[in-house]
Each structure stands twice: as structure tokens, then as C-alpha cells.
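Contents: one structure, followed by commentary.
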Amino acid sequence: MRKRVTFSFNSSSYEGTEATETFTLEELGIDADIDDNTLKLKIDKVFQAWVWDKLNISFSVVIDEEKCLTNIDGDDC
């Protein structure tokens, strides 16, 4: 009997942000004959990649510093 894994997530903050898919270990490229601890670690890595792919997240952080010029009277901002 082939082992199957179901990945699922949903967001309590964003309605409609959810997904569920079921895979065999073969489809995930995982050897079914490995020990349980190694299996859990491999499935966790694949799950994280699956979630990132489903959410298609990209982000950036911009830190902007206001530049101050001296005015005509020589006063600083």
C-alpha cells in the first residue's frame, strides 16, 4: 500500500486563502522506506515549499530617510 500525504492550509485573517492537495510519497520524491523521523523532516521541507508556492509570496522592505536641505536663510530643517 502506498503512503499518501495531504497538505492543507488556511488563513484565519484572509478569507479564501486556503488550499488542500494529496500526494503519494513517490510524487513527492520521498523514499517510503526511510525511518519515521527522517520522513517527517522531508515532508516538512516539502510542505513549506508547497505553501510558499501556493501563496506566491514576494515582499520587500523599504526604509526611507527624509533628507533635509538648508533653506535660503541658512536655517536647518
Side-chain angles (χ1 to χ4, degrees):
M1 185 165 90
R2 293 193 300 182
K3 291 183 181 179
R4 299 174 70 86
V5 178
T6 299
F7 292 158
S8 182
F9 74 89
N10 63 42
S11 172
S12 60
S13 298
Y14 300 100
E15 190 174 321
T17 304
E18 58 188 42
T20 299
E21 283 186 75
T22 301
F23 305 94
T24 64
L25 292 182
E26 277 181 352
E27 290 173 316
L28 298 176
I30 298 175
D31 181 6
D33 295 326
I34 58 178
D35 66 89
D36 286 346
N37 288 334
T38 303
L39 178 62
K40 289 176 185 176
L41 290 172
K42 288 185 176 275
I43 288 174
D44 188 51
K45 283 186 177 184
V46 173
F47 174 74
Q48 289 178 30
W50 177 81
V51 170
W52 279 97
D53 182 56
K54 290 291 177 197
L55 294 177
N56 195 20
I57 295 173
S58 63
F59 66 91
S60 64
V61 176
V62 176
I63 299 173
D64 191 17
E65 184 176 323
E66 185 176 319
K67 305 245 181 197
C68 183
L69 301 175
T70 304
N71 62 25
I72 297 173
D73 298 329
D75 297 331
D76 289 333
C77 299

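Position 1 is the first residue of the sequence; numbering continues from there. Keep in mind that the numbers below use all heavy atoms, side chains included, and drop hydrogens, waters and symmetry copies.
- Summarising the geometry, atom NZ belonging to K54 is positioned 13.0 Å from atom OG1 belonging to T17; distances are rounded to the nearest 0.5 Å.
- Partner K42 forms a side chain to side chain contact (heavy atoms under 4.5 Å, CB included) with one of I34, L25, D31, N37 and no other, that one being I34.
- Note that CD1 of I30 and CZ of F23 are 10.5 Å apart. Values are rounded to the nearest 0.5 Å.
- Atom CD of E26 and atom CG of L28 lie 10.5 Å apart (nearest 0.5 Å).
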Fill in: CA sep, side-chain torsions, deciding dist, call: F9, L55, side-chain contact (heavy atoms from CB on, under 4.5 Å)
CA-CA 10 Å; F9 74 89; L55 294 177; 3.5 Å; yes

Worksheet item: Run the side-chain contact (heavy atoms from CB on, under 4.5 Å) check on N10 and T20 step by step: do they pass?
Response: CA-CA 9 Å; N10 63 42; T20 299; over 6 Å; no

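- Rounding to the nearest 0.5 Å gives a distance of 11.0 Å between OG1 of T38 and CD1 of I43.
- Using cut-offs of 30° and 60° on the angle between ring planes, the pair F7 and F47 is perpendicular.
- The minimum heavy-atom distance linking R4 with T24 is given by the pair NH1-CG2, 3.7 Å.
- Going from atom NZ of K3 over to atom CG of L39 covers 5.5 Å, rounded to the nearest 0.5 Å.
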